[in-house]
Amino acid sequence: MTLHLYNTATRRKEPFEPLQPGKVGMYVCGPTVYDYAHIGNARPVVVFDVLYRLLRRAYDEVTYVRNITDVEDKINAAARARGISIAEVTESTTRAYHEDMAALGALPPDEEPRATQHIAHMIAMIRRLIEGGHAYEAEGHVLFHVPSMADYGRLSGRNRDEQIAGARVDVAPYKRDPADFVLWKPSDADTPGWTSPWGRGRPGWHIECSAMAKAKLGVTFDIHGGGRDLIFPHHENEVAQSVCANGAPFARYWVHNGFLTVNGEKMSKSLGNFRTVRDVLVQAPGEAVRLMLLSTHYRQPLDWTDDGLQQARATMDRLYGALRHVWDASLRDAPSPSPELLAALEDDLNTPLALSVLHQEAARAHKVESEEEMRAVKSALLGAGELLGILSQDPAQWFRWQPAGAEVDEAEIMRMIEERNDAKKARDYAAADQIREALKAQGILLEDRPGGVTEWRRAG
RNA sequence: GGCCAGGUGGCGGAGUGGCGACGCAGCGGACUGCAAAUCCGCGUACACGAGUUCGAUUCUCGUCCUGGCCUCCA
């Protein structure tokens, strides 16, 4: 089985073959750093992190590029609103973003280009578009001329009539065509700007990704990812800019994750259902959040609920329980996922199916009869965990996770467990049960193991 | 209005032209002082209406519903 990916460009699942054997380049649209990342931002990060892990397993050289958009009007607005500098906004937000994504178990990308450091690339690209007759200057703006590209609309499946028919955009008077979009726009004295052949200004959003992808991966590369909502106009425009400026194909496989809703509705601040990654990390450990994002296939819509998060946490409890059971086995070789699990992931990242395989392996873990079997199951569990980005910690540590601000005194718990065990030995079960109930009230559950050992864990 | 996705059991969620994954919850049993964890067993579904077919949840058409995009929101 080889990796198959659903390619938005062809609307089909296709076998993946890199442009150059053994070498893969992947670009995923990263955040605009003006506010904390929300769970909708986290979905593509986690999805493409799994793809990244899978690719790294199969190919010698994988270059994963995820940009940071640090020039954007919303950043300027945030800086003004908070009374701090633009640099402070982008730096602190980027730092928080890194923390949040690490908490979700996402590996850092190989390259994380920042828009502000690629202005020259953007200017060069815009120049070539003008020279090629694909862009024009008007009133300090530079616009991409959509009719100059015959294929425009192919990725999103929109023809020109459809675009114009339902258009709700105000058409700026300087546009030659209503569909033309901005490559460069002028900045006033209070707005960040760079010197360009068209005066002091700043880039449009779409050109940033075209320029950074080219700078890091070359004109044609393998995979471009992002949320489905970016297909139009962002990705369509990237294709137009890159193909017209480079005279070469752009991304070969377009991979898009489905939209995330919260309680069935689009997440928005006005609806009051806005969840940042930080918010949910207080409710559950990072791996539970990650599992929640992976328990639905990436192309399906995902509805975020508190109940779903608790269920994801319960699933992680189950998996860690299985891992704990085989934890003492010493591995001779590196952890290795089972062929079934690998096959599920290679089939267009079927993470829900992969999880069902993992559940089977968890059941096996509780039934092992030999040291050899223990090793095999541990290896499969950890191997699966490496690919999915879960099961990365000691089970004991997992079961003791506590939400921030709810620290319990571990020494006190141990003391109470001892006290209960003494009561049990004295056959004073009423006293023993009372202690257990007292702990339960604090969210601590006890599990008596054979041999008189009592373990504790946090309640979900 | 145009375009694009999706509608599977109490819940989450795969998949398939014919033998009803997997998980959670529920029920029964084993284990346990009692629990928890674990193990064994059980039940319920494929939005609606046509069509194609020996046979459709799976293919086609239509209807309804939900979500997204068309506004530099992943």
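Reminder, nothing fancy here: chain letters follow the sequence lines and each chain counts from 1. Hydrogens, waters and symmetry mates play no part in the numbers below; they use all other heavy atoms, side chains included.
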Would you please name every residue forming a salt bridge (Lys or Arg N to Asp or Glu O under 4.0 Å) with A:Glu139, sequence neighbours left out? none
Rounded to whole Å, NZ of A:Lys440 lies from P of B:A37 at a distance of 10 Å
Could you check whether A:Ala37 gets within reach of a base, just the sugar-phosphate, or nothing at all, counting any heavy atom under 4.0 Å? nothing
Write out all pairs satisfying salt bridge (Lys or Arg N to Asp or Glu O under 4.0 Å) with one or both partners inside residues 207-216 of chain A, taking only residues at least two apart or from two chains. A:Glu111-A:Lys216
Look at all strands and tell whether A:His325 reaches a base, only sugar-phosphate, or nothing, counting heavy atoms closer than 4.0 Å. nothing
Could you tell me how far apart A:Leu446 (CG) and B:A35 (C1') are, to the nearest whole angstrom? 10 Å
Figure out the CG/C1' separation between A:Asp433 and B:A35, and round it to whole Å. 8 Å
Scan nucleotides 29-32 of chain B against the protein and return all N/O pairs shorter than 3.5 Å with their distances rounded to 0.1 Å.
none

Contact class for A:Glu208 (heavy atom, under 4.0 Å): base, sugar-phosphate, or nothing? nothing
Under 4.0 Å between any heavy atoms, over every strand shown, what does A:Pro233 touch: base, sugar-phosphate, or nothing? Just pick one. sugar-phosphate
A:Lys424 near the nucleic acid: base, sugar-phosphate alone, or nothing, with a heavy-atom cut-off under 4.0 Å? base
Between CH2 of A:Trp456 and C1' of B:A37 the distance, given in whole Å, is 16 Å
Using a heavy-atom cut-off of 4.0 Å across all strands, would you classify A:Arg436 as base, sugar-phosphate, or nothing? base
Looking at every strand, decide which applies to A:Lys266 at a 4.0 Å heavy-atom threshold: base, sugar-phosphate, or nothing. base
Counterpart residues, ring pair (Phe, Tyr, Trp, His ring centres under 6.0 Å), relative to A:His256 (two or more places apart): A:His235, A:Trp254
Could you tell me how far apart A:Asn273 (CG) and B:C73 (C1') are, to the nearest whole angstrom? 14 Å
Can you measure A:Met316 atom CE to B:G23 atom P for me and round it to whole angstrom units? 16 Å
With sugar-phosphate meaning primed atoms plus P, OP1 and OP2, does A:Gly40 contact a base, only sugar-phosphate, or nothing at under 4.0 Å between heavy atoms? base
In this structure, is the centre-to-centre distance between the rings of A:Tyr97 and A:Tyr36 below 6.0 Å? no
A:His234 near the nucleic acid: base, sugar-phosphate alone, or nothing, with a heavy-atom cut-off under 4.0 Å? nothing
Find every protein N or O atom lying less than 3.5 Å from an N or O atom of nucleotides 5-11 of chain B, and list the pairs.
none

Within the 4.0 Å heavy-atom criterion, would you say A:Arg420 contacts the bases, only the backbone, or no part of the nucleic acid? base
A correct dot-bracket answer for RNA chain B, with pairs being Watson-Crick or G-U at under 3.5 Å, [ ] for crossing pairs and | for inter-strand pairs, is (((((((..(((.....[...))).(((((.......)))))....(((((..]....))))))))))))....
Report yes or no: is the ring centroid of A:Phe259 under 5.5 Å from the six-membered base ring centroid of B:G68, with the two planes under 30 degrees? no
